[in-house]
Number of protein chains: 2
Amino acid sequence: MTVLFSKKCEYALQALLFMAEYRHEGPLSAERIATHLDIPKEFISKILQSLTKSNIVISQRGKAGGFRLARLPEKISLMDVVENIDGLGVFSDCLIGHPSCNPEAPCPLHHSWAPLRSQLKHLMEKTHLGNFIPGQTLNQLPDETTV
Amino acid sequence: MTVLFSKKCEYALQALLFMAEYRHEGPLSAERIATHLDIPKEFISKILQSLTKSNIVISQRGKAGGFRLARLPEKISLMDVVENIDGLGVFSDCLIGHPSCNPEAPCPLHHSWAPLRSQLKHLMEKTHLGNFIPGQTLNQLPDETTV
DNA sequence: GTAATTTCGGATAAAAAAGTCCTATTTTAA
DNA sequence: TTAAAATAGGACTTTTTTATCCGAAATTAC
Ligand code: SF4
Ligand code: SF4
């Protein structure tokens, strides 16, 4: 098992982090991304296609084509990616898959897990691709009021 | 996907919680457990066999046989179960499956995830089957110094 | 314009996880 | 003593996830 996300989702995140770092080199081909991450080219292709459909990346066919981020790395949250690939179940489903749970009387686990889960959710929402770009000490968006 | 644990592990936890609650009725058969949880009998049988080998439950063959907890519900932590079924990877593996990670310079995710993960670990360690038994307000072990 | 390169998308294959089946063995109630 | 009931364990099947293949369409460098 992976930790929290499917392999698809892990690869998507890895690919996007790579694309964020190298976004100035023009579109990156699936081939190059696959080589860099050491994962199958055909698999990451499919994943990138899916990210294209959900407007997280933009694809370009033909020679010198490839994929690039659809917007600033500071504008793509990890949650955007997780939601697109795995969905939001991880932030809402029962930790032990219990079928007969009475929400009125949550079990002892719930009281402790719910806050953790909510922190996790917040973490994925507040963390953006931009936060991972090396050598960029200030990975924040310009203050909207001053722009 | 499940949230954090495999289905095997979820079922194991569900079964053990049930066994803790009904531990006074003698051994519970795989059949009865499966019916109660509405999961396949053959599947939970295998899981219980595994739990037997790791001394979390005790099995008894023959008529009126079945499974019962190997020790007090207060003495079986959720971590005992998770460790036996899924292993401890979830508490140590990289959240995004990143292959090339320099532990000297952890990524931005790590700083936020590590504490959550450690809280999660602690939660699983401190929560015991005994904490789930209904109608039992005091689900703690007797103070060792007074016993 | 043409050839090279790349994504698109459907089909298929392999691997892993989940679920099922069957027989042997053990135990006990009657 | 015997039949019923239960676990043990190996083999097998199905489903889901992960991975691969291939032809068509698009784009661009030349
Ligand atoms: S209360 Fe317990 S059983 Fe119910 S959803 Fe929360 S963790 Fe699951
Ligand atoms: S630092 Fe980042 S990439 Fe490395 S193990 Fe932690 S989460 Fe994964």
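Chain A is the first sequence line, chain B the second, and so forth, proteins listed ahead of strands; every chain is numbered from 1.
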Q: Checking all strands, does B/Gly65 fall into the base, sugar-phosphate, or nothing category for heavy-atom contacts under 4.0 angstrom?
A: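 The residue B/Gly65 makes sugar-phosphate contact but no base contact.
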Q: Mapping A/Ser6 and B/Ser59 to their closest nucleotides on DNA chain D, which lands nearer the 5' end?
A: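 Of the two residues, B/Ser59 wins.
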Q: If you take all heavy atoms of B/Ala64 and B/Pro27, which pair is closest and at what distance?
A: O-CG, 4.0 Å
Q: Is there a side-chain contact between A/Ile33 and A/Met19 (heavy atoms, below 4.5 Å)?
A: yes
Q: Write down the distance between CD1 (A/Ile33) and C1' (C/dT7), rounded to a whole number of angstrom.
A: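 Between C1' of C/dT7 and CD1 of A/Ile33: 12 Å.
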Q: Quick check for you: among C/dG10, C/dA18, C/dA4, whose closest atom lies nearest to any side-chain atom of B/Phe43?
A: C/dA18
Q: Any donor-acceptor pair under 3.5 Å between the side chain of B/Lys46 and the base of C/dG19?
A: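 Under the 3.5 Å cut-off, the side chain and the base do not form any donor-acceptor pair.
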Q: Between B/Ile47 (CD1) and C/dG19 (P), how many Å, whole number?
A: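 For the pair B/Ile47 CD1 and C/dG19 P, the rounded distance is 8 Å.
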Q: Just distance, no hydrogens or angles: give the donor-acceptor pairs under 3.5 Å from side chains in residues 77-84 of chain B, sequence neighbours left out.
A:
from: B/Ser77; atom 1: OG; to: B/Met79; atom 2: N; distance (Å): 3.4
from: B/Ser77; atom 1: OG; to: B/Asp80; atom 2: N; distance (Å): 3.1
from: B/Ser77; atom 1: OG; to: B/Asp80; atom 2: OD1; distance (Å): 3.3
from: B/Ser77; atom 1: OG; to: B/Asp80; atom 2: OD2; distance (Å): 3.3
from: B/Asp80; atom 1: OD2; to: B/Arg71; atom 2: NH2; distance (Å): 3.2
from: B/Asp80; atom 1: OD2; to: B/Ser77; atom 2: N; distance (Å): 2.9
from: B/Asn84; atom 1: OD1; to: B/Ser50; atom 2: OG; distance (Å): 3.3
from: B/Asn84; atom 1: OD1; to: B/Ser54; atom 2: OG; distance (Å): 3.3
from: B/Asn84; atom 1: ND2; to: B/Ser54; atom 2: OG; distance (Å): 2.7

Q: Think B/Tyr11 has a side-chain N or O under 4.0 angstrom from the OP1 or OP2 of C/dG19?
A: yes
Q: To the nearest Å, give me how far apart NZ (A/Lys53) and P (C/dT7) are.
A: 15 Å
Q: So B/Phe5 and B/Met124, do their side chains get closer than 4.5 Å, heavy atoms only?
A: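 When only atoms from C-beta onward are counted, B/Phe5 and B/Met124 do touch, with a gap below 4.5 Å.
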Q: Send over the distance from A/Arg61 CZ to C/dT7 C1', rounded to a whole Å.
A: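 It is 5 Å, rounded to the nearest whole Å.
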Q: Would you indicate what A/Glu31 reaches in the nucleic acid, counting non-hydrogen atoms under 4.0 angstrom: base, sugar-phosphate, or nothing?
A: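 Contact class for A/Glu31: none.
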Q: Starting from P on C/dT6, measure out to CD1 on A/Ile44 and report it in whole angstrom.
A: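 In whole Å, C/dT6 P lies 16 Å from A/Ile44 CD1.
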Q: Take A/His98 and B/Gln14, measure what side chain to side chain contact (heavy atoms under 4.5 Å, CB included) needs, and give me the verdict at the end.
A: CA-CA 7 Å; A/His98 218 292; B/Gln14 291 176 29; 4.0 Å; yes
Q: Round to the nearest Å and state the distance from A/Glu42 atom CD to C/dA11 atom C1'.
A: 14 Å
Q: Going hydrophobic residue to hydrophobic residue with side-chain gaps under 4.5 angstrom, can you get from A/Leu88 over to A/Leu123?
A: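 Same hydrophobic cluster.
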Q: Report yes if at least one side-chain N or O of A/Gln60 is closer than 4.0 Å to OP1 or OP2 of C/dT5; otherwise report no.
A: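 No, no such contact exists.
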Q: From CE of A/Met1 over to C1' of C/dA15, roughly how many Å is that when rounded to an integer?
A: 16 Å
Q: Please confirm whether the backbone N or O of B/Ala114 pairs with a side-chain atom of B/Arg117, one donor and one acceptor, at under 3.5 Å?
A: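 No, the answer is negative, given that no donor and acceptor are paired below the 3.5 Å cut-off.
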Q: Anything under 4.0 Å to a heavy atom of chain A counts; send over the first and last such nucleotide of DNA chain D, read 5' to 3'.
A: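 Going 5' to 3' along DNA chain D, contacts run D/dT18 to D/dA29.
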